[in-house]
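Right, one structure below, let's go through it.
Values in this document were obtained by computation on a predicted structure and should not be read as measured data.
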Amino acid sequence: MERNLKRQLPQGKFESVSLVRSRTMAAIKGKHPKTTEVALRMLFVRSGITGWRLHARHLPGKPDFYFPRSKVAIFVDGCFWHGCPRCGHIPKTRRPFWRMKIARNQQRDRVNARILKGRGIAVMRIWEHSLAGRETIARVLQKISGVVC
Ligand SMILES: [Zn+2]
């Protein structure tokens, strides 16, 4: 069994696989970037941005935040799942599968944005990575407070 497994592995090493898998698993967590969403929620509270609702389930794509008064939908996109051009990477294993999956997510994002815009709702997408540094956070908040009331 072990020999069989080793033959199937690219370098015949278990460590390399677990490394790839742990990286993949870490990336998977980003699909519903709970922590980034919570971070943004805390930032809203701290900067006095009000009037938002969490998870607008009635809207296409279920925006993470929705400001009904200003009709603005905000999506917090996980860099991996939404194919961030800056930090999104395609795992080395099952490359076509991941590529297709991410492309499909991006396609869905575009369709949902189009529907929302058609309903007069402005769409803002925030990359997970932009909530990592103090400078980019400030920029994100400034951008949001400029469009919501
Ligand atoms: Zn990113």
Side-chain angles (χ1 to χ4, degrees), residues 9-11 13-149:
L9 302 172
Q11 295 103 343
K13 281 183 193 157
F14 284 106
E15 307 99 76
S16 62
V17 163
S18 64
L19 186 73
V20 167
R21 187 171 303 149
S22 69
R23 244 189 249 141
T24 309
M25 292 313 284
I28 282 166
K29 262 187 230 152
K31 184 166 190 180
H32 300 287
K34 260 267 156 303
T35 48
T36 37
E37 185 209 283
V38 169
L40 191 56
R41 197 161 68 195
M42 277 160 59
L43 288 166
F44 282 170
V45 172
R46 224 178 295 153
S47 21
I49 295 175
T50 56
W52 43 268
R53 280 187 208 152
L54 268 184
H55 312 295
R57 283 176 224 284
H58 62 294
L59 293 176
K62 296 181 198 119
D64 297 294
F65 296 90
Y66 180 56
F67 293 78
R69 257 179 300 158
S70 14
K71 293 188 96 178
V72 174
I74 296 179
F75 292 91
V76 182
D77 289 341
C79 290
F80 173 74
W81 287 101
H82 298 266
C84 168
R86 210 178 90 174
C87 32
H89 71 282
I90 310 284
K92 284 199 178 72
T93 50
R94 304 175 74 204
R95 213 164 251 265
F97 166 80
W98 290 113
R99 201 169 278 149
M100 194 182 71
K101 203 152 181 77
I102 292 164
R104 210 183 285 155
N105 286 343
Q106 291 175 319
Q107 168 72 13
R108 201 180 302 133
D109 291 345
R110 276 194 295 271
V111 169
N112 287 331
R114 212 175 303 139
I115 298 169
L116 288 166
K117 281 173 195 162
R119 291 193 198 171
I121 295 168
V123 175
M124 255 182 93
R125 312 205 77 96
I126 293 164
W127 286 115
E128 186 185 2
H129 73 243
S130 63
L131 296 175
R134 203 176 292 172
E135 233 173 87
T136 47
I137 286 173
R139 219 173 303 144
V140 165
L141 285 175
Q142 200 175 15
K143 211 167 129 193
I144 293 171
S145 56
V147 289
V148 300
C149 54

### Query
Listed by chain and number, what are the side chain to side chain contact (heavy atoms under 4.5 Å, CB included) partners of Ile126, not counting sequence neighbours?
Leu40, Ile74, Ser130, Leu131, Val140, Ile144

### Message
Applying side-chain contact (heavy atoms from CB on, under 4.5 Å) to Phe75 and Trp127, what does each step give before you reach the verdict?
### Response
CA-CA 8 Å; Phe75 292 91; Trp127 286 115; over 6 Å; no

### Query
Looking only at heavy atoms, what is the nearest atom pair of Lys101 and Trp81, with distance?
CE-CZ3, 3.7 Å

### Query
With sequence neighbours left out, what residues match Arg108 under side-chain hydrogen bond (donor to acceptor under 3.5 Å, both in side chains)?
Asn105

### Message
Pair Met42, Val38 - check side-chain contact (heavy atoms from CB on, under 4.5 Å), show working.
### Response
CA-CA 6 Å; Met42 277 160 59; Val38 169; 4.0 Å; yes

#### Entry: With sequence neighbours excluded, residues passing side-chain hydrogen bond (donor to acceptor under 3.5 Å, both in side chains) with Arg110
Gln107

### Query
Which atoms form the tightest heavy-atom contact between Ser145 and Gln142, and what is the distance?
OG-O, 3.2 Å

### Task
Without swapping roles, check the side chain of Asp64 against the backbone of Val76 for a donor-acceptor pair under 3.5 Å.
yes

### Query
Looking only at heavy atoms, which two atoms of Cys87 and His129 are closest? And how far apart?
SG-ND1, 3.3 Å

### Task
Looking only at non-hydrogen atoms, find the nearest pair between Arg125 and Ala113 and report the distance.
NH1-CB, 4.5 Å

### Task
Rounded to the nearest 0.5 Å, what's the gap from CZ on Arg41 to CG on Leu54? Could you check?
5.0 Å

### Query
Going from CD on Glu37 to CD on Glu128, what distance comes out if it is rounded to the nearest 0.5 angstrom?
12.0 Å

### Query
Measuring from Ile121:CD1 to Leu59:CG, what's the distance to the nearest 0.5 Å?
4.5 Å

### Message
Just verifying a value: how many Å separate Ile102 CD1 and Phe97 CZ, rounded to the nearest 0.5 Å?
### Response
9.5 Å

### Task
Identify the two heavy atoms, one from Pro60 and one from Ile115, that lie closest to each other, and give their separation to 0.1 Å.
CG-CG2, 3.7 Å

### Message
According to side chain to side chain contact (heavy atoms under 4.5 Å, CB included), who are the partners of Arg134, at least two apart in sequence or on a separate chain?
### Response
none

#### Entry: Gap separating the CG atom of Asp77 from the CE atom of Met124, nearest 0.5 angstrom
11.5 Å

### Query
Distance from His58 atom NE2 to Arg53 atom CZ, nearest 0.5 Å?
7.0 Å

### Query
Closest heavy-atom contact between Lys71 and Arg119?
NZ-O, 3.2 Å

### Query
Residues two or more places apart in sequence or in another chain: which of them pass ring-ring contact (aromatic ring centres under 6.0 Å, His included) with Phe44?
Trp52, Phe65, Phe67

#### Entry: With sequence neighbours excluded, residues passing salt bridge (Lys or Arg N to Asp or Glu O under 4.0 Å) with Arg139
Glu135

### Task
Under the side chain to side chain contact (heavy atoms under 4.5 Å, CB included) rule, collect the residues that match up with Lys62, sequence neighbours excluded.
Arg57

